[in-house]
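Chain identifiers are assigned alphabetically (A, B, ...) following the order of the sequence lines, protein sequences preceding nucleic acid strands; residue numbering begins at 1 within each chain. The structure presented is a predicted model; accordingly, all values stated were derived computationally and were not measured.
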Number of protein chains: 4
Amino acid sequence: MQTAASAPHKVSRPRADALRNRERIVTAAREMFVECGADVPFDEVARRAGVGNATVYRNFPDREALVREVVCSVMDRTSEAAEELLAGAGDAFEALERFAHTAAEQRLGALCPVLSTAFDQHHPDLEAARVRLEALVARMMGRAKAAGQLRDDVDLGDLLIGIAQLSRPPAGTGCVNVDRFVRRHLQLFLDGMRAPARGSLPGAAVTVEDLRAN
Amino acid sequence: MQTAASAPHKVSRPRADALRNRERIVTAAREMFVECGADVPFDEVARRAGVGNATVYRNFPDREALVREVVCSVMDRTSEAAEELLAGAGDAFEALERFAHTAAEQRLGALCPVLSTAFDQHHPDLEAARVRLEALVARMMGRAKAAGQLRDDVDLGDLLIGIAQLSRPPAGTGCVNVDRFVRRHLQLFLDGMRAPARGSLPGAAVTVEDLRAN
Amino acid sequence: MQTAASAPHKVSRPRADALRNRERIVTAAREMFVECGADVPFDEVARRAGVGNATVYRNFPDREALVREVVCSVMDRTSEAAEELLAGAGDAFEALERFAHTAAEQRLGALCPVLSTAFDQHHPDLEAARVRLEALVARMMGRAKAAGQLRDDVDLGDLLIGIAQLSRPPAGTGCVNVDRFVRRHLQLFLDGMRAPARGSLPGAAVTVEDLRAN
Amino acid sequence: MQTAASAPHKVSRPRADALRNRERIVTAAREMFVECGADVPFDEVARRAGVGNATVYRNFPDREALVREVVCSVMDRTSEAAEELLAGAGDAFEALERFAHTAAEQRLGALCPVLSTAFDQHHPDLEAARVRLEALVARMMGRAKAAGQLRDDVDLGDLLIGIAQLSRPPAGTGCVNVDRFVRRHLQLFLDGMRAPARGSLPGAAVTVEDLRAN
DNA sequence: TATGAATGAGGCTTCATTCAT
DNA sequence: AATGAATGAAGCCTCATTCAT
C-alpha cells in the first residue's frame, strides 16, 4: 500500500474506509448540530452520514465524544484562521474584524448550544483547543489595543462571547438565512469595541478566567 | 376553602381557581423554559406549577399554545416598558438603551430558542404582540434617528435581533450568571449603533418585513 | 365515595385499578423471573401483566425496584409460613423440614439468581425481609438442635443456601417440572443434616454473617 | 487433535496456529461463562482469547457450537476423573464422594445455566459426552449400592442433579467464593444418600431416562 | 373540572452476526 | 485464514398525550 512509507508504524493501519466513515460522521454531525441543535437523534446523524447507527457508537463511545470532536475541529479551524491573520502584517483592528467574521462563519457560536447539556467542559482535548484559540485571540487584541484601536476596558471574553452569541442561529428561524444578518450585527458589536470608547461599560472586562468560571 | 368568602355566588368560585392555575402554569413554564430550554418535560412544568399534568392540557391544548402564551406575555411586558419610556421625556438614545436592557432582563432572548421547533410564528396572538412591540420600538428608533443619535443605516430588526441574541443564555453555561455579561455586551452593541457611524455595515438594514420573512 | 369511611387518610387514595395493575405486574414478574431468569425483557413482563410498558416504569422506577419487590414478597410469604410452624407445637425437626419444603415451593431459590446482576443487596426493604426470615429460621434450627435432631456443626447459612440451590430450576430444562425432583433432593440434604452426624464437614458452619459477607 | 501427528507435512504450520486459537477461545469462553454467566458478549470472549471476533465465528458457526464445546470438554474431564476413580480399588462410597467433589470443582454445575437458553440438548457430541459420563457414574453408584453404602432408592439422576445444583454459583454473589460452601453442602447431600436411609423419599428415583425427559 | 394513571411511539445503546480487507 | 469494521434488530427508558375517576 502506498501509505506504508509515510506511516511505518506497527500500529494496525486504520482502514481507509473506516477513516472515511469517521470523517463523514463528524461532518454530518456538525451540519446537523448547527441546523437542528444538540439533541438531534443519533440515528439521524448516522443516516445523514450514510452509515449504520452502531457505527457512530463504534467511533464515538458516547454522545459527548462526538460533540467534542465536532467542537474541537471547529475551534481548530478557527485557530488556523487566526494564525494566518497574525502572520499577515495588516492593520491590527482589521485583523480582529476578519477573525471575528471568520469565526462566525465557522459556526463557532452555532455549536455552543451543543455544549450546554451535561457536557464535560474540562476534557483535555477541549481545553487544549480552547487554550490555543484563546492565546491567539489574546495576541490579536493585544496588538489592537497597543495600536490604540481597541477599547482598553474589554477583554478576550467580551469578544468571544459576542462572536458566539451573535453568530448563533437567530432562534425561531429554522436556521435559514443564519448568516443573513450575522455580519451586520457582529460589525456593530466590533464598532462598539473600537477606541475611543463611547461610554463606560457596566461590569468588568470579561477575562479568560471568567470564561472558565462557568 | 378560603375563596368561598370572596366569591359568594354560585359559579364564581371555580373560575377563580382556574385562573390562578392558569397563571401558575404560565409562570412555571416561563421559568423552566428560561432555565432548562424548550424541551422541558411537560410533567415537570405541571409539577412546578403544583397542578396535575392533565390540567396543563386542559388550559393549553398543545405545547405550542403554552409556549405562545409565555412568549406573548413576555413581549407584552416588554411593550409596557417601552410605552413608559416613550411617555417619559428623556433623551431619545438613552430611552433606547434603557429599553434594550429592560427587554434583555425580561429574557426576551432567552425565550427565543423556545420558538425554534415547529412553532407557528404567524399565530394571531403572537402577531399582535409583535406588531405592538415593533411599533413601539420603531417609534423609539425614529426619535433617536431624528435626534442624530442613531445611525441611519440600522433598522428595527437590527436592534431586536441584537437584543435577542445577546440576551440569550451564553450556552455551555448551565444558565447561571446569564446576566453577568449581557449588559456589557448589549452596551457595546448599542455603542456600535450610535451615530455617527464608524464604518459601513454589510447587508441592508433589517426591517420589520425581514423579520417576518424568516 | 364509599372508601372514605374505611380509609380516612388525607393521602390520595391509591386508585383501585392502579393497585390492581401493580399487583399484576409483580405477579407476572415473579413468574417470568422464575421461568426465564432475571433478564427477561421488561416489555415482556408488561405484556404478560396486560399493561403498557411504561406502566411498569411508573410503578417501579428501575429494574431493581421491581426485582426487589418480587423478592421481598416471596421472602415475606416464606416468613409467614415459618411463623405458623413455630406457633405449632410439632416435632422440631419436622417443622424444619416442612419449612424447607415450603420455602422451596415459594421459589425462594429460584428468585435468587435475579439478585445476581448489579443489585443492591443492602437495600433497607431487602434487609428487613432477610432479617425477619433469618431470625425465624434461626429459632427453628435452635429448637431442632436443642432436641438433638440437628447436627451441631451446621448453621443458618447452610440450610438457606441448600434450600436456595436445590430449589432452583435445574438449568437446561426450560423450567418445566421444576418441582419434580426438588422435594427428593431437599429431603436428602435435610437427612444429611440430621443428628447424629455421619461424618465431619469441610469448612465451618455458614452463619448469617457469612451470608452477608457475599 | 491427534491428527496433527498423522499429518506432519506441508500444511501443519497454520494448523498449529488455528488449533491454538481454538483452544484459547474455548478456555476463555469457559472462564467467562463461569464468571459472568451465559450471556457474555461474544466480542468479550474474543478479546479475552486474544483473537478477533470473527475468528470465533470461523471456529464456531454459532453460539451453540461454542457452548457445546465448552460443556463437552468439561464433561469429558469429569469422565476422566471418574475413570481414574473406578480404576482405583478404594472404598466404593468414598470414590463416589471424591467424584462428586471433583465434578463440582470442574464447575459442572456452574456451566449448566449456560445450557438453558435455546440450546439443543440432543446434539450428538453432547449426547456422547453425557452417555459416557452417565455410564461411569452408574457404575460407581452400582458399586456403592452393592457394598450397602448407598441408599437403594436413589439413582443416577439424583446424584447428578444434586451435584449440578449445589455446585452452581450461589446467585446473588458475584460468583466470588463459589467454592466456599460447595464442599460442605455437597457433603451433606452425600451423607443423606448414604445407607441406611433415614427415611423415605418423595417421588421416585431419578433415572437417566428422567434426565432425558427434560 | 382536575387529577393520576396508562399508553405507544421514539430515541439511545448494545450485541450477534456478516462483510471487506 | 484472520482481522476489524459495519450492520440491523432488539432492549431499555422517557415523554407527549389520552383516559378514567
Practice problem: Go through the steps to decide whether A:His123 and A:Glu64 satisfy the test side-chain contact (heavy atoms from CB on, under 4.5 Å), and finish with yes or no. | Solution: CA-CA 10 Å; A:His123 189 280; A:Glu64 271 208 32; 5.9 Å; no
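- Interatomic distance, CD of A:Glu69 versus CG of A:Asp125, reported as 8.0 Å (0.5 Å rounding).
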Quiz prompt | Secondary-structure string, 5' to 3', Watson-Crick or G-U under 3.5 Å, | for another-strand partners, for DNA chain E | solution = .||||||||||||||||||||
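- Between B:Ala54 and A:Ala54, the one whose closest nucleotide on DNA chain E sits nearer the 5' end is B:Ala54.
- Here F:dG4 presents its C1' atom at 12 Å from CG of A:Asn59, a figure rounded to the nearest Å.
- Rounded to an integer number of Å, the gap from D:Asp17 CG to F:dT3 C1' is 14 Å.
- The phosphate of E:dG8 has neither OP1 nor OP2 within less than 4.0 Å of any side-chain N or O from C:Asn53.
- Rounded to whole Å, the distance from CZ on B:Phe42 to P on E:dG4 is 17 Å.
- Separating the CZ atom of A:Phe60 from the C1' atom of E:dT13 is a distance of 16 Å, rounded to the nearest angstrom.
- An OP1 or OP2 oxygen of F:dA5 is reached within less than 4.0 angstrom by no side-chain nitrogen or oxygen of A:Asn21.
- The nearest whole Å value for the distance from the CZ atom in B:Arg20 to the P atom in E:dT1 is 17 Å.
- The existence of a salt bridge linking C:Arg20 and C:Glu23 is excluded, since no basic side-chain nitrogen approaches an acidic carboxylate oxygen closer than 4.0 Å.
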Exercise. Quick one: do C:Phe60 and C:Val26 satisfy side-chain contact (heavy atoms from CB on, under 4.5 Å)? Show the steps, please.
Key: CA-CA 10 Å; C:Phe60 305 95; C:Val26 173; 3.7 Å; yes
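- Taking each heavy atom of D:Val40 and D:Arg63 in turn, the nearest pair found is O-NH2, 2.9 Å.
- The nearest whole Å value for the distance from the OH atom in C:Tyr57 to the P atom in F:dA16 is 18 Å.
- When rounded to the nearest whole Å, the span between CZ of C:Arg24 and C1' of E:dA6 equals 12 Å.
- Both C:Glu44 and B:Asp43 sit near DNA chain F, but only C:Glu44 has its closest nucleotide nearer the 5' end.
- Side-chain N/O atoms of C:Arg58 include none lying less than 4.0 angstrom from OP1 or OP2 on E:dG4.
- Of the residues listed (D:Ile25, D:Asn59, D:Val45), the one engaging D:Val51 in a side chain to side chain contact (heavy atoms under 4.5 Å, CB included) is D:Ile25, and it is the only one.
- Taking atom CD of D:Glu64 as the reference point, atom P of E:dT17 lies 10 Å away to the nearest angstrom.
- In this model, the phosphate group of F:dA5 is not approached by any side-chain N or O of A:Thr55 to a distance below 4.0 Å at OP1 or OP2.
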